[in-house]
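First the structure, in the form of structure tokens, and then the observations on it.
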Amino acid sequence: MNGISRRGLLKTGVAAGVLGLSGMPLRAQTRGGKLTAGLSGANTTDSWDGRTHSDLFMIASAHGTVFDCLTEVAADGSLKGELAESWEASADAKTWTFNLRQGVTFHNGKAFGADDVIESLQMHLGEESKSAAKPIVEAITDMKKITDHQVQFTLAAGNADFPYLMSDYHILMFPAGQIEEGIANGIGTGLYQVKSFDPGVRMVATRYADHYKGDSAGFFDEIEYIAINDNTARMNALMTGQVDAINRIDFKTEALLRANPALRIQEVTGNQHYSFPMLTKTAPFDDVNVRRALKYGINRQEMVDKILLGHGQVGNDTPIGPANQYYAGDMEQLAYDPDKAKFHLKEAGLDSIDIDLSASNAAFEGAVDAAQLFQASAAAGGVNINVVQEPADGYWSNVWLKKPFCACYWSGRATEDWMFSTAYEAGVPWNDSQWDQPRFQELLLSARAELDSDKRREQYTEMQQILRDDGGVLIPMFANYVQAVNNRISSPDTVGNLWQMDNARMAERWSVA
């Protein structure tokens, strides 16, 4: 079972990605050369510790270049083995046996095997662990080494999505007994070996000789990722030929890129969404009527029009998006309604309310402008928002999860349970609203173990309705991934939509034209 489909996901017609907008034909992949990319999402606190990774620079540097996971989500949304060759499940999906690749070595020469898998997973456990993958690993009640190349996992409850979870970019495979050294020096089994790493500045890696993926991936001799958090600077670096590719293009200057014959735009519809989480255990957001006032105080279509310039669609306060199998696209849409906002404030015993909203364009491009649009629309409903502009560096460590109300972005996840268990399950580290609703939590556990697709759909639809009505996260818009590439770099016709830049695996999948 080494090629699980996303169970009908591609029937939606958007999951595979809509690329090749330049009309360029698919070209044969050429060995050699260098890829230089200017990427956002870098911080001076970055490290090779996968438990801390939260934005593109380190996601692409680690799981897409230097490290491997057990499984990998392909560009078309299907699941394939990476360090696992195949896997099998018991009838109740509680016991999973993974068969590991043989002949794989870490960059320091150590052979890869079952011990590395178990120790790498155990990293995410413990009371002090803040890893976003902690809830995934905590669901495993027993990890057993069957042979040097076979591992068996027993789960607390059945989970049909478990092999997908093993592709999580936090769950990198490190050498057993050398975890600290692996984190310090970036020792993985990936296609590229670290040459130099300056946190928040630059990462350079060279192709690892005799890699187990052979000639089917990793076509460059060298990869250089330059940290360029500023949007204008990224655009300029691409336009002047300093870099070959950038993520998150500036929609306001998109026409300049399209007019340049040396460049092409890639646009992919996925589950990326921009949000405003509220800490629901902190006043005033502990009152559901205050949250509902904010839900009716935001003009979603205006944000799609003015922030995304049409490169996306309106959100409905649920993270399940158009590329998910159980997306409730026909659910009644929350609409901008200042009168309803005033009604819910009165239900909370208030005539008006003053709140701070922390924002930085480090959260998402245009986050400050989006916060100001929210400020203007909410005022008509009695919600007075003070926009606090936060510094970009350290935003994810100093603001997100700490300030009561802030701007945020999520890439979404390939499956509903993966998204919910990462950010909406009670008590998980990345539950950025601290939300805990009994019926939702009950459905989460039930749907996770349910193997009947129709029953799962009913459960996930109800969960989306609960989030829309009572949740602590405002999700006004789903944003397409829009990135740009120099034509000297060839990319496949289908580009992944799970993360930015081809599922953050451009180092593996692209080549010199």
Side-chain angles (χ1 to χ4, degrees), residues 1-7 9-10 15-16 50 59 62-90 93-107 110-121 133 136-137 139-140 143-155 159-176 188-192 208 210-219 413-415 417-418 492 494 496-499 502-509:
M1 195 189 297
N2 60 351
I4 295 179
S5 162
R6 214 183 302 185
R7 293 186 306 283
L9 179 58
L10 298 183
I59 297 172
H63 109 299
T65 305
V66 174
F67 289 86
D68 290 323
C69 301
L70 286 182
T71 60
E72 172 187 350
V73 178
D76 66 1
S78 63
L79 191 70
K80 63 181 184 178
E82 190 160 45
L83 286 174
E85 277 191 326
S86 61
W87 46 89
E88 299 171 353
S90 58
K94 285 183 67 173
T95 302
W96 290 86
T97 303
F98 281 72
N99 301 305
L100 308 178
R101 295 191 186 278
Q102 300 188 34
V104 177
T105 60
F106 286 92
H107 299 154
K110 180 187 180 300
F112 166 77
D115 292 331
D116 306 301
V117 174
I118 292 172
E119 283 199 30
S120 295
L121 286 166
I136 295 174
V137 183
I140 304 172
M143 303 183 212
K144 184 184 298 182
K145 174 182 176 181
I146 306 300
T147 69
D148 284 344
H149 294 94
Q150 191 175 67
V151 181
Q152 188 174 87
F153 302 107
T154 302
L155 311 183
N159 190 337
D161 294 336
F162 185 71
Y164 268 101
L165 302 183
M166 291 297 99
S167 72
D168 190 301
Y169 61 79
H170 301 94
I171 307 178
L172 309 174
M173 292 296 111
F174 286 91
T189 60
L191 282 156
Y192 296 90
Y208 185 62
D210 300 321
H211 193 269
Y212 70 89
K213 291 187 179 180
D215 295 329
S216 64
F219 304 101
R413 295 294 187 267
T415 71
D417 183 70
W418 190 359
T494 299
N497 69 346
L498 184 56
W499 321 114
D502 204 356
N503 291 355
R505 288 181 177 268
M506 56 187 163
E508 173 180 337
R509 300 175 181 175

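Please read all numbers here as calculations on a predicted model, not as lab measurements.
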List in chain and number order the residues that pass side chain to side chain contact (heavy atoms under 4.5 Å, CB included) with Thr71, two or more places apart in sequence or in another chain; answer none if no residue qualifies.
-> Leu79, Trp87, Phe98, Met166, Ser167

Those residues that, when tested against His149, pass ring pair (Phe, Tyr, Trp, His ring centres under 6.0 Å) (two or more places apart) | none

Measure the spacing between OG of Ser78 and CD of Glu72 and express it to the nearest 0.5 Å.
-> 9.0 Å

In Å, rounded to the nearest 0.5 Å, how long is the span from NE2 of His63 to CG of Asn503?
-> 7.0 Å

For Arg505 and Glu508, work out which heavy atoms get closest and say how close.
-> NH1-OE1, 2.8 Å

With Lys94, which residues qualify under salt bridge (charged side-chain N to carboxylate O under 4.0 Å, His left out), at least two apart?
-> none

Report yes if the side chains of Phe153 and Val117 come closer than 4.5 Å at any heavy-atom pair, otherwise no.
-> yes

Could you tell me whether a side-chain N or O of Glu82 sits under 3.5 Å from a main-chain N or O of Cys69, the two making a donor and an acceptor?
-> yes

Check ion pair Glu119-Lys110 (N to O, under 4.0 angstrom) | no

Under the ring pair (Phe, Tyr, Trp, His ring centres under 6.0 Å) rule, what do Phe174 and Phe67 come out as? Steps first, then yes or no, please.
-> CA-CA 8 Å; Phe174 286 91; Phe67 289 86; 4.8 Å; yes

Side-chain donor or acceptor of Tyr208 paired with backbone N/O of Val66 under 3.5 Å | no

Just jot down the salt bridge (charged side-chain N to carboxylate O under 4.0 Å, His left out) partners of Asp168, sequence neighbours excluded, or say none.
-> none

Intermediate values then yes/no, side chain to side chain contact (heavy atoms under 4.5 Å, CB included), Met143 and Ile118 = CA-CA 7 Å; Met143 303 183 212; Ile118 292 172; 4.2 Å; yes

Do you know the tightest heavy-atom contact between Asp116 and Ala176?
-> OD1-N, 2.7 Å

Ring pair (Phe, Tyr, Trp, His ring centres under 6.0 Å) partners of Tyr192, counting only residues at least two apart = none

Using the test side chain to side chain donor-acceptor pair (under 3.5 Å), find all partners of Asp210 that sit at least two apart in sequence or belong to another chain.
-> none

Residue list, ring pair (Phe, Tyr, Trp, His ring centres under 6.0 Å) with Tyr212, at least two apart or on another chain | none

To the nearest 0.5 Å, how far apart are NE2 in His170 and OG in Ser120?
-> 15.0 Å

Looking at side-chain heavy atoms only, is the closest gap between Ile171 and Leu70 below 4.5 Å?
-> no

Could you pull out the closest heavy-atom pair between Thr147 and Lys145, with the gap in Å?
-> O-CG, 3.3 Å

Look at the side chain of Thr95 and the backbone N and O of Ser90, then say whether any donor-acceptor pair between them is shorter than 3.5 Å.
-> no

Considering residues at least two apart in sequence or located in another chain, which fulfil the side chain to side chain donor-acceptor pair (under 3.5 Å) criterion with Thr189?
-> Asp68

Atom of Asp502, atom of Pro492 and distance for their closest heavy-atom approach = OD2-CD, 4.3 Å

dist Trp418:CH2 -> Tyr164:OH (nearest 0.5 Å) comes out at 9.0 Å

Separation between OH of Tyr169 and CG of Leu498, rounded to the nearest 0.5 Å = 9.5 Å

Does the side chain of Asp417 come under 3.5 Å of the side chain of Thr415 through a donor N or O and an acceptor N or O?
-> no

Gap separating the CD1 atom of Ile136 from the CG atom of Leu121, nearest 0.5 angstrom = 9.5 Å

Provide the closest heavy-atom pair for Trp96 versus Pro163 in the form atom of the first, atom of the second, distance.
-> CZ3-CG, 3.3 Å

Contacts of type salt bridge (charged side-chain N to carboxylate O under 4.0 Å, His left out), residue Lys144, not counting sequence neighbours = none

List for me each residue that meets side chain to side chain donor-acceptor pair (under 3.5 Å) alongside Thr97, sequence neighbours excluded, and say none if there are none.
-> Gln152

Excluding sequence neighbours, so at least two apart, what forms salt bridge (charged side-chain N to carboxylate O under 4.0 Å, His left out) with Arg101?
-> Glu85

Go through the structure and list residues passing ring pair (Phe, Tyr, Trp, His ring centres under 6.0 Å) with Phe112, not counting sequence neighbours.
-> none

Contact summary for Ala507 and Thr65, nearest pair of heavy atoms | CB-OG1, 3.5 Å

